[in-house]
Amino acid sequence: MTVFLRTLFFVSLGLAAWQAHADVYGFVDEQGEVHLADKPLDARYRLFKRGALPTASSSAATAELGRYLDARDQAALKRLTPLIEQTARRHQLEPALLHAVITVESGYHASAASPKGAQGLMQLMPDTAARFGVSAETVLEPRANLDAGARYLAFLLGLFDRRLDLALAAYNAGEGVVQRLGRIPPYEETEQYVKAVRGLYLRQGGRVLADGRLRAKADASLVRFTTSDATRTETENTSY
């Protein structure tokens, strides 16, 4: 499945039901909005599928993202947000993307550890931590963990030509397997991970181009993230 098809399938949380035998055309604009029609309305529309669009429950997708949001350590989120934003800007990442990764990886629990050995806010594996200069003694320290995780994410975006889905898949499953396959590995965990992080990123103000890539330069002038039931928006005068 191409990145275009994955973009339409995973991003469109509000898809409506289509006629059983209708062809479906669509595109994703620079704001991450999905546009669908039963015929190409202009040159941007490409054939998504012949026949019915796979049905998806928007309420189920929203509930899944809601579970990640509810599991966050709210006090840590508020305390760490300035550091997260500074780290994102330093590595030319959008804060919304770093927040989305942290939400799925650890829920802002700095001492989080997985059965596979991943640790900290960004759930660094020992080899990845060492690769980016973080020792076993400091891997749970938020500043060091965030910096190494952000550097790795920025590296992966560069490696995969800023294709968000591939960079996220590599963060979860390893860059080697994604390079070999040239797509998201067919692992349920990885597929769900990419879907969740991407959904949270878009929900918190992130943008993905129609070809599945992030913009060439992160725009941190608008920072959005959810601190409770509401979305807080801050405007900053930030340039790289």
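Everything numeric in this text was worked out from a predicted model, so none of it was measured. All residue numbers in this chain count up from 1 along the given sequence.
One hydrophobic cluster, built from ILVMFWY side chains closer than 4.5 Å, holds both Val177 and Leu159. Cluster membership for Met125 and Val101, using ILVMFWY side-chain heavy atoms within less than 4.5 angstrom, is not shared.
For Leu80, the side-chain contact (heavy atoms from CB on, under 4.5 Å) criterion is met by Ala76, Leu83, Ile84, Leu121, Pro142, not counting sequence neighbours. Every side-chain contact (heavy atoms from CB on, under 4.5 Å) that Ala100 has, sequence neighbours left out, goes to Val197, Leu200, Tyr201, Gln204. With sequence neighbours excluded, the residues that form a side-chain contact (heavy atoms from CB on, under 4.5 Å) with Ala169 are Val178, Ile184, Pro185, Thr190, Val194. Applying the side chain to side chain donor-acceptor pair (under 3.5 Å) rule to Asp73 yields no partners; only residues at least two apart in sequence or on another chain are considered. With sequence neighbours left out, Ala112 forms a side-chain contact (heavy atoms from CB on, under 4.5 Å) with Ser106, His109, Gln123. When the side chain to side chain donor-acceptor pair (under 3.5 Å) test is applied to Ser135, the partners found at least two apart in sequence or on another chain are Glu137, Thr138. Taking Tyr193 as the reference, Glu105 meet the side chain to side chain donor-acceptor pair (under 3.5 Å) condition, with sequence neighbours excluded. The ring-ring contact (aromatic ring centres under 6.0 Å, His included) test applied to Tyr152 returns Phe132, Tyr171, not counting sequence neighbours. Annotation: side chain to side chain donor-acceptor pair (under 3.5 Å) contacts of Arg131 (sequence neighbours excluded): Glu175.
Contact annotation: the side chain of Leu164 never approaches that of Arg213 to less than 4.5 Å [non-hydrogen atoms, C-beta and beyond]. Between Val134 and Thr128, the closest side-chain pair of non-hydrogen atoms is not below 4.5 Å. Contact check for Leu69 versus Arg203: side-chain heavy atoms found under the 4.5 Å cut-off.
To the nearest 0.5 Å, the span separating CG on Leu146 from NE2 on His91 amounts to 9.5 Å. Within the model, atoms CZ of Arg183 and CG of Asp165 stand 12.0 Å from one another, a figure rounded to the nearest 0.5 Å. How far CZ of Arg151 is from CG of Leu93: 12.0 Å, rounded to the nearest 0.5 Å. With rounding to the nearest 0.5 Å, the separation of CZ in Phe160 from CD in Gln179 is 5.0 Å. We find the CG-CZ distance between Leu97 and Arg198 to be 11.0 Å, quoted to the nearest 0.5 Å. The CG atom of Asp147 lies 11.5 Å from the CD atom of Gln86; values are rounded to the nearest 0.5 Å.
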Residue pair Leu166, Leu156: steps toward the side chain to side chain contact (heavy atoms under 4.5 Å, CB included) verdict:
CA-CA 8 Å; Leu166 296 187; Leu156 292 172; over 6 Å; no

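Arg72 places no side-chain N or O within 3.5 Å of a backbone atom of Thr103 that could act as its donor or acceptor partner. No donor-acceptor pair under 3.5 Å is formed between the side chain of Asn145 and the backbone N or O of Leu140. Using modelled atom types, no side-chain atom of Arg215 and backbone atom of Leu209 make a donor-acceptor pair closer than 3.5 Å.
The two residues Thr87 and Ala150 have their closest heavy-atom pair at CG2-CB, 3.7 Å. Closest of all the heavy-atom pairs between Leu65 and Ala196 is CD2-O, 3.7 Å.
Applying the side chain to side chain donor-acceptor pair (under 3.5 Å) test to residues at least two apart or on different chains, the pairs with a partner in residues 111-121 are Lys116-Glu189.
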